[in-house]
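We count ligands from 1, going down the list as the structure has it; atoms in each ligand are counted the same way. Just the heavy atoms: all of them, side chains too, but no hydrogens, waters or symmetry mates, feed the values below.
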Amino acid sequence: MKRVITYGTFDLLHQGHINILKRAKALGDYLIVGVTSENYDTTRGKLNVAQSLVERIENVQKTGLADEIIVEEYMGQKISDIKKYKIDIFVIGSDWQNKFDYLKPFCDVVYLPRTKGVSSTELRNEQNKILRLGIVGNGRIAKRFIKESKFVSGVDVDVVYGRNPQKLEELCLNYGLEKYYTDYSKFLNDVDAVYVALPHTLHYEYSKQALLAGKHVLCEKPITLEEEKTKELFDIAHEKGLILQEAIKTVYAPCFDKLISIAQSGIIGEIKDIDATFTKLITDKSLREFNPELGGGSLTELGSYPLSLITKLLGTHPEKIEYTAMLEPKNNIDLMNKVTMFYPNAVATANVGIGIKKEGNCVISGTEGYIYIPAPWWKTEYFEIRFEDLNKTQKVFVKFDGDGLRYELAEFLKSINTHKQSYKLSDKESIFISKVIEQFKKKKNSVFYIV
Ligand code: CTP
């Protein structure tokens with residue numbers, strides 16, 4: 001009996017897929033189809049797959065051509081599968097010509113001509129028109145975002161809004177943008193969605209105006225510095241059927257998603273303690289991070305990262321939140337902040353600092369073990385699940401590519417196309433993070449050290 005195997009994403013199953021499955025089956029007696037998992041797709045840069053793994057498997061099943069369906073989860077799996085399933089022929093489309101020659105020592109490798117004129121990418125683009133996303137602001141993060149947007153298909157980042165024409169012209173030239181606007185209303189008329197990359201204190205106003213104009217908003221963290229304002233923005237978004245998403249890049253990273261699921265699975269028992277640290281020494285005191293008028297300080301600058309992790313695992317209802325902050329006397333901003341959150345059955349600490357350097361790791365402790373995420377944990381790509389018995393340690397790795405902003409953009413696009421807020425960061429969680437920041441601004445339960 002001749003056994004054949006082929007692999008693919010099989011997103012929005014089309015005639016090209018059916019043709020290759022038919023031809024692959026005709027080469028032998030038994031056909032195994034490997035469908036790529038969501039995680040594997042993300043790690044190999046396919047960020048815009050429209051259908052879930054289950055839907056894609058169901059569609060392959062419905063063709064009646066596969067004798068067996070397996071899931072492809074990691075790089076290098078093909079060799080193991082070929083050995084495990086005693087495969088005689090590996091089949092793939094001609095778009096992969098020569099790319100799988102390394103499998104030749106294990107079985108025959110056949111490249112079949114690709115069906116012309118159809119692909120999942122085209123179907124996705126037809127289904128969801130390309131999103132025209134404009135950038136609001138031209139600072140450091142805006143530039144990083146433009147670079148990262150090249151890794152996400154289905155979105156055009158070609159327009160920018162700002163106040164200084166000279167700087168905007170330079171940005172357009174250096175980053176290949178089509179045009180800039182200094183009039184916000186005109187800018188909004190030209191886009192479907194915006195990425196708000198302004199100083200924190202301006203997020204509310206610019207996001208609100210964009211939402212009222214019917215545009216989806218991806219807003220840098222923290223969305224606003226007040227609970228009520230963040231809530232108001234989400235209310236407007238819901239009323240108008242728009243997506244508002246807070247750009248905390250960590251929560252959209254594939255490894256972080258895995259981390260949360262594993263932590264919640266009970267493998268370390270009940271979570272009792274979380275300790276997460278993020279410090280970034282900023283020496284240039286002229287930057288907005290040191291300007292109280294622009295919402296400077298370590299909690300507003302970095303708090304969103306540990307707070308989102310804590311919130312995802314322990315929820316939005318701590319009984320008490322305490323702040324211990326080291327203040328700079330001149331401008332009164334927090335150079336360091338330790339936020340302790342007391343939950344009914346657990347305690348968590350978020351340590352942040354822009355004037356102090358600490359080990360940037362994170363430990364999630366439970367009654368049966370703990371999860372250790374080494375620095376920089378907020379660019380999550382590796383963690384260990386540890387127990388009393390060191391021999392039981394498990395290690396998890398999922399790559400974090402580039403600056404990571406591609407993940408938040410891909411998720412934003414997915415939410416717009418599916419008309420669903422991402423589960424990776426809910427509006428409740430964003431509103432709660434604003435509340436934690438607001439309470440500190442109002443000096444609630446705060447102890448200050450002046451240096
Ligand atoms: N395939 C084909 N003819 C097409 C499209 C795909 O023969 N017109 C083959 C691919 O070569 C591969 C298999 O179908 O062997 C699964 O491909 P997949 O990547 O899932 O489909 P694409 O349409 O190429 O997806 P995308 O546009 O996302 O790359």
Would you mind listing which atoms of ligand 1 come within a distance below 4.0 Å of any non-hydrogen atom of [X]?
X: Val118; value: 4 (C), 5 (C), 8 (N)
X: Ile20; value: 7 (O), 9 (C), 14 (O), 15 (O)
X: Arg124; value: 28 (O)
X: Ile92; value: 15 (O)
X: Ser120; value: 21 (O), 22 (P), 23 (O), 25 (O), 26 (P), 27 (O), 28 (O)
X: Ser119; value: 23 (O), 27 (O)

Please name all residues satisfying side-chain hydrogen bond (donor to acceptor under 3.5 Å, both in side chains) with Glu38, sequence neighbours left out, ordered by chain then number.
none

Check whether any N or O atom of [X], backbone or side chain, sits under 3.5 Å from an N or O atom of ligand 1, and answer yes or no.
X: Asp11; result: no
X: Phe10; result: yes
X: Gly93; result: yes
X: Trp96; result: no
X: Gly8; result: no
X: Asp95; result: yes

Looking only at protein heavy atoms, which one is nearest to [atom], and how far off is it?
atom: atom 21 (O) of ligand 1; result: His17 NE2, 2.9 Å
atom: atom 29 (O) of ligand 1; result: Lys46 NZ, 3.3 Å
atom: atom 26 (P) of ligand 1; result: Thr121 OG1, 3.3 Å

Residue list, side-chain contact (heavy atoms from CB on, under 4.5 Å) with Arg114, at least two apart or on another chain
Ser94, Asp95, Ser119

For the rings on [X] and [Y], is their centre-to-centre separation under 6.0 Å?
X: Tyr382; Y: Phe400; value: no
X: Tyr74; Y: Tyr40; value: no
X: Phe145; Y: Tyr195; value: yes
X: Tyr161; Y: Tyr181; value: no

[X] side chain to [Y] side chain, donor-acceptor N/O pair below 3.5 angstrom:
X: Asn164; Y: Tyr180; value: no
X: Asn351; Y: Thr277; value: yes
X: Glu411; Y: Ser422; value: yes

For Tyr7, does the six-membered ring have the charged nitrogen or CZ of Lys78 within the cation-pi criterion, i.e. under 6.0 angstrom from the centroid and within 45° of the normal?
yes

Regarding Arg386 and the six-membered ring of Tyr370, is the cationic atom NZ or CZ under 6.0 Å from the ring centre and inside 45° of its axis?
no

Ligand 1 versus Thr9, non-hydrogen atoms closer than 4.0 Å: side chain, backbone, both, neither?
both

Using a 4.0 Å heavy-atom threshold (strictly under), name the region of Lys116 that reaches ligand 1: side chain, backbone, both or neither.
neither

Does even one non-hydrogen atom of His14 get within less than 4.0 Å of ligand 1?
yes

Looking only at non-hydrogen atoms, the one of Arg114, Arg56, Arg23, Gln15 nearest atom 1 (N) of ligand 1 is Arg114

Taking the basic N atoms (NZ, or NE/NH1/NH2) and the acidic carboxylate oxygens, is any pair closer than 4.0 Å for Arg124 and Asp11?
yes

